[in-house]
Amino acid sequence: MLEVKSSEISSLRSLLETDSELIALRKRITVTAESQYTNGTITATEYMNEMNSERQAQINYEIHKINLAMAHVEYLNISGKRN
């Protein structure tokens with residue numbers, strides 16, 4: 001059981017790294033979309049869609065952080081340790 005939790009923790013840490021990269025990419029896309037909207041090459045709806053995608057990436061990151069904390073606590077409970 002500890003091996004399973006340890007693997008889950010490792011997977012979640014990897015997922016957080018991927019999430020961070022995705023957030024950085026989404027921020028660049030949003031900046032580009034803002035410029036395009038300002039220049040009239042995309043609609044407000046398209047710009048809002050990019051903003052929403054960035055926000056969703058940030059929300060996913062926070063959810064994965066919570067999941068990692070929960071997995072860590074479960075690992076400690078299974079192992080009988082306190083932290």
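Remember, predicted model here, so these are calculated numbers, not experimental data. Worth knowing before you read on, the calculation uses all heavy atoms, side chains too, and leaves out hydrogens, waters and symmetry mates. Starting from 1, each residue takes its place in the sequence as its number.
- Within the structure, ring-ring contact (aromatic ring centres under 6.0 Å, His included) contacts touching residues 50-70 (residues at least two apart or in different chains) do not occur.
- For residues 9-42, every residue pair satisfying the ring-ring contact (aromatic ring centres under 6.0 Å, His included) rule, not counting sequence neighbours, is listed here: Tyr37-Tyr47.
- Pairs of residues two or more places apart, or lying in two chains, that qualify as salt bridge (Lys or Arg N to Asp or Glu O under 4.0 Å) and include a residue from residues 21-31 are Arg26-Glu50.
- Here CD1 of Ile78 is found 10.5 Å from OG of Ser6. Values are rounded to the nearest 0.5 Å.
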Mind listing the side-chain donor-acceptor pairs of residues 7-15 below 3.5 Å, one per line with the distance, residues two or more places apart or on another chain?
residue: Glu8; atom: OE1; partner: Lys5; partner atom: NZ; Å: 2.7
residue: Ser11; atom: OG; partner: Ser7; partner atom: O; Å: 3.1

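- Counting only residues at least two apart or on different chains, the salt bridge (Lys or Arg N to Asp or Glu O under 4.0 Å) pairs with a member in residues 51-64 are Glu62-Lys65.
- Residues meeting the side-chain hydrogen bond (donor to acceptor under 3.5 Å, both in side chains) test with Glu34, sequence neighbours left out: none.
- With rounding to the nearest 0.5 angstrom, the OG1 atom of Thr30 is 10.5 Å from the CE atom of Met48.
- Scanning for side-chain contact (heavy atoms from CB on, under 4.5 Å) contacts around Thr43 gives Thr45, Glu46, with sequence neighbours left out.
- Hydrophobic clustering, with ILVMFWY side chains joined whenever heavy atoms are under 4.5 angstrom apart, groups Ile42 together with Met51.
- At least one side-chain heavy atom of Ile63 sits under 4.5 Å from a side-chain heavy atom of Ile59.
- Note: Leu2 CG to Glu74 CD = 12.0 Å, rounded to the nearest 0.5 Å.
- Taken from OG in Ser53 to CD1 in Ile23, the straight-line distance is 12.5 Å, to the nearest 0.5 Å.
- Residues satisfying the side-chain hydrogen bond (donor to acceptor under 3.5 Å, both in side chains) criterion with Gln56, sequence neighbours excluded, are Asn60.
- Members clustered with Met70: Ile66, by chain and number, using a 4.5 Å side-chain heavy-atom cutoff among hydrophobic residues.
- Applying the ring-ring contact (aromatic ring centres under 6.0 Å, His included) definition to pairs two or more places apart or across chains, none involves residues 8-28.
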